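Not measured: the values here are computed from a predicted model.
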Amino acid sequence: MDDFLKGTNIYLIGMMGAGKSTVGQQLATHLGYRFADTDRVIEQVAQQPITDIFMTEGESAFRALETQVLAQLAPYTRMVIATGGGIVLERKNWSYLQHGVVVWLNPSVEVLFDRLKEDQTRPLLQAPDPQKVLETLFNQRRSLYAQADVTVAITAEDRPTDIVEQILTGIRAILRSPQPEPTPQD
Ligand code: S3P
């Protein structure tokens with residue numbers, strides 16, 4: 001294992017169903033990093049599943065918890081952190097994400113829908129037309145996801161190991177090239 005990242009955290013962002021948790025765990029193992037998933041930490045803190053948090057306390061309470069969990073994870077080093085699909089919505093969250101390398105896992109909406117059509121754990125998709133919801137969310141969030149340092153386009157055929165390779169190639173490329181100054185977010 002080489003230490004080209006020098007302990008810098010990697011944050012995986014992207015839509016629900018993008019494979020952040022599966023790929024994140026493999027990436028962490030590959031790098032000798034620890035792995036965390038903000039959704040799972042939120043469930044531990046709240047002592048209830050995400051669907052229940054949405055139902056009883058609403059999305060804004062969930063978003064507040066999400067920011068709190070991200071803030072608690074950010075000071076650690078040598079971590080791969082899989083984030084919830086909506087983490088990019090809150091500007092404050094970027095102040096934490098930007099301390100690490102941010103990687104967008106980006107499958108098409110068709111691939112996402114195929115993976116999520118039977119899913120009952122994503123409250124936002126418990127709607128009459130979940131594909132439409134996915135399309136709308138993707139269109140609303142695309143420009144935020146695009147602020148990632150590295151983007152990995154994912155097809156239905158890609159295996160997690162392929163994606164890990166693509167992430168590492170992408171990160172090595174940005175570490176080699178000079179980075180632009182971050183744009184101040186007021
Ligand atoms: C959400 C994505 C979910 C979870 C919650 C809301 C979203 O995480 O945080 O259901 O707003 O896209 P995953 O992206 O891990 O499914």
Side-chain angles (χ1 to χ4, degrees), residues 10-30 34-70 72-73 79-90 93 96-97 102-148 150-167:
I10 300 177
Y11 292 96
L12 300 183
I13 66 169
M15 291 284 287
M16 313 172 233
K20 293 163 289 183
S21 306
T22 309
V23 170
Q25 287 177 44
Q26 291 201 14
L27 180 62
T29 304
H30 183 94
R34 283 173 299 166
F35 173 75
D37 181 326
T38 56
D39 285 342
R40 300 293 81 77
V41 180
I42 291 167
E43 290 181 329
Q44 280 162 13
V45 171
Q47 302 260 300
Q48 52 184 335
I50 284 172
T51 31
D52 291 3
I53 305 173
F54 267 73
M55 218 154 43
T56 57
E57 288 159 62
E59 181 170 348
S60 60
F62 172 81
R63 297 293 171 209
L65 267 176
E66 193 170 48
T67 299
Q68 191 185 313
V69 161
L70 185 63
Q72 282 166 359
L73 290 170
M79 293 201 74
V80 174
I81 299 168
T83 63
I87 207 132
V88 295
L89 297 170
E90 187 65 52
N93 292 344
Y96 301 112
L97 298 173
V102 182
V103 178
W104 175 22
L105 301 189
N106 183 25
S108 67
V109 169
E110 289 68 33
V111 171
L112 295 173
F113 180 65
D114 198 51
R115 291 178 183 174
L116 293 171
K117 53 183 187 254
E118 310 293 339
D119 184 272
Q120 302 200 332
T121 65
R122 270 56 170 221
L124 296 175
L125 297 185
Q126 309 316 304
D129 189 348
Q131 183 161 16
K132 184 89 202 128
V133 173
L134 277 173
E135 270 164 23
T136 306
L137 290 176
F138 182 69
N139 288 332
Q140 286 167 351
R141 295 173 178 178
R142 186 202 312 250
S143 63
L144 297 169
Y145 293 138
Q147 292 181 42
V150 173
T151 296
V152 176
I154 292 170
T155 68
E157 289 73 39
D158 283 327
R159 293 162 306 161
T161 45
D162 303 323
I163 300 165
V164 167
E165 274 313 311
Q166 291 181 60
I167 292 172

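Considering CD of Q131 and NZ of K117, their distance stands at 9.5 Å, rounded to 0.5 Å. Interatomic distance, L112 CG to D119 CG, rounded to the nearest 0.5 Å: 11.5 Å. Expressed to the nearest 0.5 Å, how far NE2 of H30 lies from CD of E165 amounts to 6.0 Å. Distance OH/Y11 to OG1/T38: 10.5 Å, rounded to 0.5 Å. For the atom pair CG (D39) and CD (E66), the distance works out to 6.5 Å, reported to the nearest 0.5 Å. From T121, atom OG1 reaches atom CD of Q126 across 7.5 Å, with rounding to the nearest 0.5 Å.
The side chain to side chain contact (heavy atoms under 4.5 Å, CB included) search around P130 returns F113, L125, not counting sequence neighbours. Listed by chain and number, the residues in a side chain to side chain contact (heavy atoms under 4.5 Å, CB included) with N139 are R142 (sequence neighbours excluded).
When all heavy atoms are compared, the tightest approach of T51 to P123 is CG2-CD, 4.0 Å. The two residues A153 and D158 come nearest to each other via the heavy atoms O-OD2, 3.9 Å. Residues T67 and E90 come closest through the heavy atom pair OG1-CG, 3.8 Å. Nearest heavy atom pair, residue A46 against residue L65, reads CB-CD1, 4.0 Å. When all heavy atoms are compared, the tightest approach of A18 to I154 is O-CD1, 4.0 Å. G24 and V80 get closest at one heavy-atom pair: O-CG1, 3.6 Å.
With hydrogens and angles ignored, the 3.5 Å screen pairs a side-chain donor or acceptor of N93 with a backbone N or O of I87. A donor-acceptor contact shorter than 3.5 Å is absent between the side chain of Y145 and the backbone of F138.
At a threshold of 4.5 Å between non-hydrogen side-chain atoms, the residues R141 and L89 count as touching. Side-chain contact check for I167 versus L105: some heavy-atom pair is nearer than 4.5 Å. Within the 4.5 Å cutoff, side-chain heavy atoms of E59 are placed close to those of L124. A 4.5 Å side-chain heavy-atom check between Q72 and V41 finds every atom pair outside the cut-off. Residues R34 and I81 have side chains not in contact (no heavy-atom distance under 4.5 Å, counting atoms from C-beta outward). Between W104 and L144, every side-chain heavy-atom pair lies at or beyond the 4.5 Å cut-off. When side chains are defined from C-beta on, T56 counts as touching Q48, because their heavy atoms get closer than 4.5 Å. Residues V102 and Q147 form no side-chain contact, since every pair of their non-hydrogen atoms from C-beta on lies 4.5 Å or further apart.
Legend: side-chain hydrogen bond (donor to acceptor under 3.5 Å, both in side chains) pairs involving residues 15-26, not counting sequence neighbours, sorted by first then second residue: S21-D37.
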- Query: When you look at I50 and R40, which way does the side-chain contact (heavy atoms from CB on, under 4.5 Å) test go after all the steps?
  - Reply: CA-CA 9 Å; I50 284 172; R40 300 293 81 77; 4.1 Å; yes
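Environment of CZ in R159: sparse, with no more than 12 heavy atoms of neighbouring residues, nucleotides or ligands closer than 6.0 Å.
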